[in-house]
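So the structure is just underneath, and the comments pick up after that.
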Amino acid sequence: MTNLIQEFNIMRDDLDYKFFLNGEWKVSSSGIKIPIKNPYNNDLVGYIQACTKEEVNQAVKNAKENIECWENTPIKKRAEILKNAANLMNQWANYLGELLMKENGKPLNSAISEIKRTALIFDATAEAKSELIGTTMTGDIMEGASKEKISITYRVPLGVVLCIGPFNYPFNLTGSKIAPALLAGNTVVMKPPTEGSITASHFGVILQKAGVPSGVFNIITGRGSEIGDFLISHPEINMINFTGSSETGKHLAKIAGMKPLLLELGGKDAAIVLNDADINNTVKSIVSGAFSYNGQRCTAVKRVLPMPDIADILIEKVVEETKKLTIGDPSQNRNIGPLINSKQCDYVQELIADAIKKGAEVKYGNKREGNIIWPTILDKVTTDMRIAWEEQFGPIVPFIRVKTIEEAIEISNKSEYGLQGMIFTNNIDLALNIAQELDVGTIQINGQSSRGPDHFPFIGTKASGMGTQGIKYSILNMSRPKVVVMNLSEKGKLIRFCNQ
Ligand code: NAP
């Protein structure tokens with residue numbers, strides 16, 4: 001283990017982490033370092049560099065200059081390198097997981113799982129290399145075109161891809177962009193979330209050691225509010241793959257110009273619970289879905305819409321189950337830990353206060369210590385309350401009691417978001433009919449909303465996103481067909497046609 005960790009010393013001087021340019025670790029000429037503190041105990045985890053625009057330019061330039069060399073590296077070789085990277089992530093999972101736990105306050109086991117899940121994505125992306133195989137077509141299926149017109153279509157990279165991830169899965173949700181981008185032959189500039197930069201920057205060491213040539217993968221650190229617009233609007237960036245809030249995503253779409261975008265944004269996933277639902281499974285799904293990583297998940301259960309006959313018992317059992325959650329230190333794997341920062345805690349408390357003022361009943365929670373908000377269950381939430389519509393990104397589960405299925409569908413669809421939806425019932429025919437009515441990317445029947453398995457398509461409608469992710473879909477979206485058409489001459493034709 002000691003030897004392995006020593007490999008990472010190259011990227012830092014004590015607690016000062018560097019950024020990664022053309023295969024080298026650098027200190028920014030800005031002279032500005034951003035402190036990253038543990039949200040649980042406020043301990044300093046390290047400093048990251050606040051890169052300048054000139055350094056951004058340099059990263060993009062390196063990536064651009066290396067497109068040809070990387071594109072000409074055989075797909076099989078690129079896939080092998082991704083597999084090497086997956087192996088390294090697995091070897092270093094405990095070390096990286098501990099760092100992530102400190103940086104983001106994620107329970108240690110979940111943080112380690114995040115690293116291992118990323119290794120699985122790299123591995124599965126390498127396995128999916130045949131998605132890049134091209135096709136050949138003859139023209140004679142269309143009126144007016146003949147067999148002598150033959151298209152040869154192969155997939156080519158888009159160029160320099162900018163990968164930006166969110167704080168809640170800084171390793172996994174940048175990794176899920178980097179792997180398909182590299183497999184498809186693109187070069188990459190990664191801008192990790194500030195809170196998560198230290199862990200995500202380890203991709204520099206991992207990919208270099210795995211065999212990615214210098215300049216193919218570059219890392220720029222610094223606040224999105226300071227360098228983000230410059231990066232997004234940079235003329236040499238050819239594609240952007242972004243995960244973050246809908247607010248940032250909408251802003252980015254406005255300034256990105258004609259660049260292709262893949263956007264994974266916010267959500268307000270609603271669980272519709274019908275009277276005949278399996279109560280134990282529903283309670284388990286709601287508690288895990290609402291409170292894992294303190295509700296800081298795009299696909300957390302963010303609203304529950306129970307029908308009249310099940311509402312009372314459902315809420316009672318959700319409270320009972322929630323009381324079993326442990327609260328405190330992420331290094332001790334407590335179920336509930338700190339939110340990412342105190343500003344987010346203030347926001348969550350504001351939503352709770354607004355709901356209480358307008359008549360919601362607190363069934364459990366509504367307590368804060370430092371950056372920890374107790375898991376909070378709100379009953380009798382109504383549609384005039386902010387918590388009915390705003391993405392809480394914290395451990396609150398609001399119950400909006402409904403009288404009919406139609407009302408549940410209406411409230412689900414009225415949201416500006418459209419990430420996932422859930423239906424809990426034993427009537428599968430009815431569930432499928434409700435699923436047809438919900439304007440979301442994915443509907444879970446009898447299960448909590450969640451991203452993955454990572455080869456499933458992952459889509460957000462409305463303010464929840466643009467484009468489809470998932471291993472195969474990401475590879476296709478981060479490459480494009482290139483078509484060469486052969487126009488054969490009639491003269492050399494040997495083929496004989498059937499008699500008329
Ligand atoms: P965020 O504040 O929008 O930040 C996301 C990323 O964008 C960060 O790396 C941030 O950098 C960067 N950024 C900020 N301003 C930018 C700009 N002007 N140009 C370019 N980049 C900029 O979101 P977050 O708080 O990290 O993440 C939580 C949100 O992400 C929630 O809404 C959640 O639902 C959503 N999310 C969605 C999915 C999904 O798959 N649909 C998955 C996870 C999370 P800094 O950190 O330096 O500000």
Side-chain angles (χ1 to χ4, degrees), residues 19 34 36 39 48-51 53 56 103-104 106 114 162-177 189-201 219-234 237 240-256 259 261-269 292-302 339-341 343-344 347 390-394 415-420 440-442 449-452 454 456-470 473-474:
F19 71 105
I34 303 170
I36 305 297
I48 59 158
Q49 306 292 318
C51 291
K53 288 182 180 167
V56 169
E103 201 177 12
N104 285 31
K106 186 170 284 192
E114 177 169 341
L162 173 62
C163 300
I164 302 182
F167 83 82
N168 60 337
Y169 288 89
F171 196 80
N172 182 260
L173 288 177
T174 37
S176 63
K177 298 167 176 51
V189 174
M190 172 185 105
K191 207 269 340 143
T194 295
E195 290 140 324
S197 279
I198 295 180
T199 314
S201 290
I219 305 171
I220 283 294
T221 54
R223 295 211 182 274
S225 53
E226 282 160 23
I227 49 167
D229 286 11
F230 185 69
L231 260 170
I232 299 294
S233 51
H234 199 293
I237 296 278
I240 301 167
N241 193 339
F242 172 88
T243 304
S245 63
S246 300
E247 194 187 344
T248 312
K250 283 179 194 167
H251 168 71
L252 191 152
K254 271 191 207 139
I255 62 170
K259 296 180 182 90
L261 298 176
L262 273 178
L263 303 178
E264 299 179 325
L265 308 176
K268 189 71 186 172
D269 297 358
S292 298
Y293 190 32
N294 319 313
Q296 297 177 117
R297 294 167 45 249
C298 57
T299 53
V301 175
K302 294 188 180 124
L339 294 190
I340 192 66
N341 52 42
K343 194 170 152 221
Q344 182 57 22
Y347 172 67
E390 293 180 33
E391 186 186 31
Q392 58 266 48
F393 231 58
S415 168
E416 67 171 301
Y417 299 104
L419 198 54
Q420 298 206 346
V440 292
T442 303
S449 50
S450 70
R451 192 194 165 100
D454 289 306
F456 283 11
F458 186 68
I459 315 129
T461 64
K462 302 188 275 183
S464 288
M466 195 190 271
T468 307
Q469 302 266 18
Y473 307 91
S474 301

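FYI, side chains are in, hydrogens and waters are out, and symmetry mates aren't considered; it's all heavy atoms of this structure. Whatever order the structure lists them in is the order used to number ligands and atoms, beginning at 1. Remember, it's a predicted structure, so these values are computed and weren't measured experimentally.
- For a threshold of 3.5 Å applied to N or O pairs, the pair formed by Lys302 and ligand 1 contains no separation below that value.
- Any N or O atom pair closer than 3.5 Å counts here, and Gly165 shares at least one such pair with ligand 1.
- In terms of polar-atom proximity, Asn168 is not counted as a contact of ligand 1, lacking any N or O under 3.5 Å from an N or O of the ligand.
- Considering backbone and side-chain atoms together, Arg297 places no N or O closer than 3.5 Å to any N or O of ligand 1.
- Residue Phe393 places no N or O, backbone or side chain, under 3.5 Å from any N or O of ligand 1.
- Checking only distances, Thr194 does come within under 3.5 Å of ligand 1, N or O to N or O.
- Considering Cys298, Ser464, Gly224, Gly465 only, the shortest heavy-atom separation from atom 38 (C) of ligand 1 involves Cys298.
- Of all the atoms in ligand 1, the ones that sit under 4.0 Å from a non-hydrogen atom of Ile232 are 19 (N), 20 (C).
- Closest protein heavy atom to atom 11 (O) of ligand 1: Lys191 NZ, 2.9 Å.
- Distances from atom 5 (C) of ligand 1 to the heavy atoms of Asn341, Asn172, Thr243 put Thr243 nearest.
- Under a cutoff of 6.0 Å and an axis angle of 45°, Lys302 and Phe393 do not form a cation-pi pair.
- Ligand 1 has no N or O atom lying under 3.5 Å from any N or O atom of Ile164, backbone or side chain.
- At a threshold of 4.0 Å, the pair Lys53-Glu226 does not count as salt-bridged, since none of the basic side-chain nitrogens sits closer than that to a carboxylate oxygen.
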